[in-house]
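Indexing begins at 1, ligand by ligand and atom by atom, following the structure's order. Worth knowing before you read on, the calculation uses all heavy atoms, side chains too, and leaves out hydrogens, waters and symmetry mates.
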Amino acid sequence: MKTDKLIAIEDQFGAHNYHPLDIVIKKAEGVWVEDVDGRRFMDFLAAYSAVNQGHCHPRLLKALRRQAAKVTLTSRAFRNDQLPAFCQEICELTGYEKVLPMNSGAEAVETAIKAARKWGETIKGIRKNKAEIIVCADNFHGRTTTIVGFSTEEAYKTGFGPFTPGFKVIPFGDAKALEKAINKNTCAFLVEPVQGEAGINIPKRGFLKKAAALCKEKNVLLIADEIQSGLGRTGKLFAFEHEGMRPDAVIVGKALSGGFYPVSAFLSSKEVMDVFTPGDHGSTFGGNPLGMAVASEAMKVLVEEKLIQNSAQLGPWFMDKLKAMPFKSVKKIRGRGLFIGLELDRPARPYCEALMNEGVLCKETHENVIRFAPPLVIGKKELNWAFRRVEKVFKKLEG
Ligand SMILES: *Cc1c(COP(=O)(O)O)cnc(C)c1O
């Protein structure tokens with residue numbers, strides 16, 4: 001079997017920093033992937049929402065090919081002709097005044113941290129090296145040493161210290177704790193409007209609105225990490241729109257390039273973005289023409305193919321079907337749009353493995369939660385196909 005051989009090679013020569021399902025994918029299109037043994041599966045993870053536009057979207061492939069044949073990288077030592085349109089388009093789409101493009105999500109989070117601290121020192125007047133950022137328990141913002149330093153998940157941190165100081169953790173969704181944590185040195189509150197990795201956690205209604213009011217009152221930047229929840233996943237462009245508030249800054253990544261190329265970005269006001277001056281931040285690949293061409297097209301696909309509306313329409317329909325399942329292992333089902341977490345009273349891994357054997361690819365998150373987050377190009381018929389398999393797996397595993 002090709003699968004076993006490839007897994008053996010990867011395990012011998014590659015680092016073991018993941019625990020993937022044992023499927024080796026060789027090609028994909030839309031919501032479907034095919035493995036090296038020719039089996040077909042429906043992708044219900046969408047690369048953690050990086051392929052909201054579906055795998056190998058033909059428009060993105062065309063944009064990538066077209067740009068790759070012209071120029072791929074100039075570095076920011078010179079300008080390129082794709083960056084201006086990207087900047088204008090993402091600002092017009094999101095309503096923010098300025099953007100700073102990076103590559104991975106973690107880099108865009110680091111950019112947000114640097115912007116917030118420098119804004120704190122230069123605009124708010126916090127003493128040098130005293131700026132504090134408030135974050136939430138169970139956060140996931142990436143894997144750099146600074147970012148894992150303020151994680152509350154031991155597995156993300158053990159062995160990697162010492163960590164960057166200047167972060168305070170409050171419980172997710174607790175406005176009182178936020179109020180208490182803010183002091184004269186607080187420059188920002190960094191929060192995921194829906195916590196994806198923690199198990200599709202949705203904060204108590206009104207929390208983000210209260211948080212925004214508190215931040216405004218105390219002159220603190222509210223920064224939303226929408227890397228996973230943004231760009232249509234929850235049935236709105238941004239998950240914060242469900243809460244009737246607007247952050248001072250937002251971080252995007254993943255679906256920004258539809259899975260073709262790492263592109264992330266930090267978006268904010270002129271006041272915040274202008275704290276950056278030449279030489280104080282950058283990235284060799286950030287804002288490169290290939291990434292910019294792909295990201296421009298990926299945003300257009302999201303809007304023109306009405307993928308955000310599709311998530312808004314099909315998400316509740318699918319969640320209602322899941323909620324109607326009679327199985328006793330199901331503790332809770334929560335979600336927004338096609339961003340759904342099914343919490344079990346037992347480990348979710350065996351369910352994900354059984355689902356894979358039925359042709360549906362899901363990945364457990366935090367032991368007990370199955371995350372359902374298919375590409376947003378999915379249709380009702382395909383969702384129904386997947387639902388029947390979910391039902392079958394629950395029946396089988398629970399008798
Ligand atoms: C995936 C993710 C990140 C990190 O993005 P990378 O591209 O993996 O560095 C940060 N925040 C959230 C909410 C994410 O889901």
Side-chain angles (χ1 to χ4, degrees), residues 15 17-20 45-52 100-116 133 135-153 155-157 160 167 169 172-173 188-203 208 222-234 236-240 242 247 249-267 283 285-288 291 294-295 298 335-341 363-366 369 371-373 375-376:
N17 56 328
Y18 276 94
H19 182 34
L45 178 64
Y48 301 95
S49 295
V51 286
N52 285 356
L100 197 163
M102 295 294 280
N103 311 286
S104 70
E107 283 176 305
V109 173
E110 291 276 354
T111 302
I113 291 167
K114 287 170 81 173
I133 295 175
V135 298
C136 292
D138 302 320
N139 69 70
F140 183 82
H141 297 288
R143 298 291 198 162
T144 64
T145 43
T146 289
I147 294 170
V148 298
F150 60 79
S151 167
T152 56
E153 176 67 45
Y156 296 167
K157 333 175 51 154
F160 300 130
F167 296 92
V169 182
F172 183 57
F189 173 47
L190 171 64
V191 62
E192 296 157 87
V194 175
Q195 290 185 326
E197 292 314 295
I200 324 295
N201 290 344
I202 298 170
L208 283 175
L222 195 156
I223 303 173
D225 180 346
E226 292 263 11
I227 291 171
Q228 190 165 160
S229 58
L231 301 178
R233 175 50 59 190
T234 67
K236 301 221 185 250
L237 181 65
F238 289 120
F240 66 70
H242 292 281
V250 39
I251 308 162
V252 289
K254 294 199 167 115
L256 184 52
S257 58
F260 271 80
Y261 198 90
V263 181
S264 63
F266 172 65
L267 288 147
S283 156
F285 281 81
N288 74 76
V294 172
R336 287 223 161 109
L338 284 167
F339 198 30
I340 298 169
K363 185 74 167 63
E364 77 279 7
T365 183
H366 271 246
V369 181
R371 165 173 28 200
F372 294 113
L376 303 182

Among H366, Q228, H141, side-chain hydrogen bond (donor to acceptor under 3.5 Å, both in side chains) partner for E197: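 With E197 as partner, side-chain hydrogen bond (donor to acceptor under 3.5 Å, both in side chains) holds for just one option, Q228.
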
Residues forming a side chain to side chain contact (heavy atoms under 4.5 Å, CB included) with T152, sequence neighbours excluded: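 Once residues adjacent in sequence are excluded, the partners of T152 under the side chain to side chain contact (heavy atoms under 4.5 Å, CB included) criterion are A137, D138, V169.
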
Partners passing side chain to side chain contact (heavy atoms under 4.5 Å, CB included) against V263 (at least two apart in sequence or in another chain):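 Listed in chain order: L256, S257, Y261, M292, A295.
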
Contact residues of ligand 1 (heavy atom under 4.0 Å), by chain and number: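 Contacting ligand 1 under 4.0 Å are S104, G105, A106, F140, H141, G142, E192, D225, I227, Q228, K254.
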
F372/F339 aromatic ring centres below 6.0 Å: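 No - the distance between ring centres of F372 and F339 does not fall below the 6.0 Å cut-off.
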
Polar side-chain atom of K236 near backbone of H242 as donor-acceptor pair, under 3.5 Å: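 Such a contact is absent between K236 side chain and H242 backbone.
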
Sequence-distant partners of E107, side chain to side chain donor-acceptor pair (under 3.5 Å), two or more places apart: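 Per chain and number, E107 pairs via side chain to side chain donor-acceptor pair (under 3.5 Å) with N103, S104.
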
